Amino acid sequence: MGYKIAIVGATGNVGHEMLNILAERQFPVDEIVALASRRSLGSEVSFGDTTLTTKDLDTFDFAGWDMALFAVGSEATKIYAPKAAAAGCLVIDNSSLYRYDPKIPLIVPEVNPEAIADYKNKMIIANPNCSTAQMVVALKPLHDRARIKRVVVSTYQSVSGGGKEAIDELWDQTKSIYNPTDNKPPKKFTKQIAFNVIPHIDVFMEDGSTKEEWKMVVETKKIVDPNIKVTATCVRVPVFVGHSEAVNIEFEDFLDEDEARDILREAPGVMVIDKREDGGYVSPIECVGDFATFISRIRQDSTVENGLNLWCVSDNLRKGAALNAVQIAELYGREILKKG
Ligand SMILES: NC(=O)c1ccc[n+]([C@@H]2O[C@H](COP(=O)([O-])OP(=O)(O)OC[C@H]3O[C@@H](n4cnc5c(N)ncnc54)[C@H](OP(=O)(O)O)[C@@H]3O)[C@@H](O)[C@H]2O)c1
């Protein structure tokens, strides 16, 4: 016996990846439904070898469905997630709407699977921000060994983190650079993204940081340890898929770079590619379509007492969103519903 599962936002980037990953991981599905806005009613999406016809989220009844994987943005989530939860259908949400609610678990299954117990508070589980998810997968095993005091992270985030329109803007703007009569001014981004980088993701906060940077701070504390201090600079780069992060970590105890490499090699969800030679590290284009969070360039930082630097790359549509959501669904199935 398998699960009845709804994919909410099935026509979007994350929804598309959720369908792919459920099929790839042979999630025990009894029935699956693709939901999106009325605009997409009747459009087709692939699920393994089958095709699903998209239904209208607005008129869908979640009663009798086990889980709904939401990837529709905060506004639509605010309307529809409580309806699904009230019908007894567990919501696993990709938006930021519920992440900071202390009653709602924020889960990265490799890091804090025990938080699943709090699902019953509201029948909603939140998925973290893409840049946080990949970072905490690497931080947790190192924290368990040497206690992290402080993290300084700079991100290099791909445009797919901004949805379909953001991908189109990079594509169209890049083409227009070679055809000056076809000018494509910024719409989704605040400045030209083609052949440029933009140190601004999400809205500005009062202290001058951006909400994306704030999310990395608050979510790392909620998922790994409230005592870890994090400071982040989040940058959008002209890459289609795959977020990269330069991470500087300060520990309470000394941690040798070789031991850190061994710990990360054994860590769930992590793949270490770290050769000190040309190309002996991972770049975002190589992580696309993969499940792993890739770690490279592990090295001592001798400017602080117990410091390490590393380079962290992952497919933001997968570990940063769809894969993590599916892993939560697997966890909920395994630990709570026990069908499958
Ligand atoms: N991309 C990432 O790396 C990433 C990472 C973590 C979290 N997230 C979050 O995941 C969510 C989706 O992101 P995305 O990149 O997949 O966006 P997207 O490609 O723009 O897709 C948005 C999806 O939401 C649907 N939708 C929007 N408004 C709706 C409404 N009122 N009613 C029903 N369906 C509606 C769209 O349906 P139509 O096609 O019918 O318009 C589409 O299926 C966002 O909350 C985002 O912040 C994304």
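In listed order, ligands and their atoms are each counted from 1. This structure is a prediction, so every number in the text was calculated from the model and none was measured.
Checked for salt-bridge contact, R147 and D253 miss the test: no charged N lies under 4.0 Å from a carboxylate O. Salt-bridge check for K103 with D118: failed, with every basic side-chain N at 4.0 Å or more from each acidic carboxylate O. Taking 4.0 Å as the cut-off between side-chain N and carboxylate O, R99 and E219 count as a salt-bridged pair. With respect to the salt-bridge test (charged N to carboxylate O, under 4.0 angstrom), the residues K339 and D66 qualify.
Aromatic rings from Y3 and W65 are positioned such that their centres are separated by 6.0 Å or more.
A heavy-atom cutoff of 4.0 Å around ligand 1 is satisfied by the protein residues G9, A10, T11, G12, N13, V14, A36, S37, R39, S40, L57, A71, V72, G73, A76, N94, S95, C130, S160, G161, G163, K164, N316, L317, G320, A321.
Relative to the ring axis of F251, R150 does not place its NZ or CZ within 45° and under 6.0 Å from the centre.
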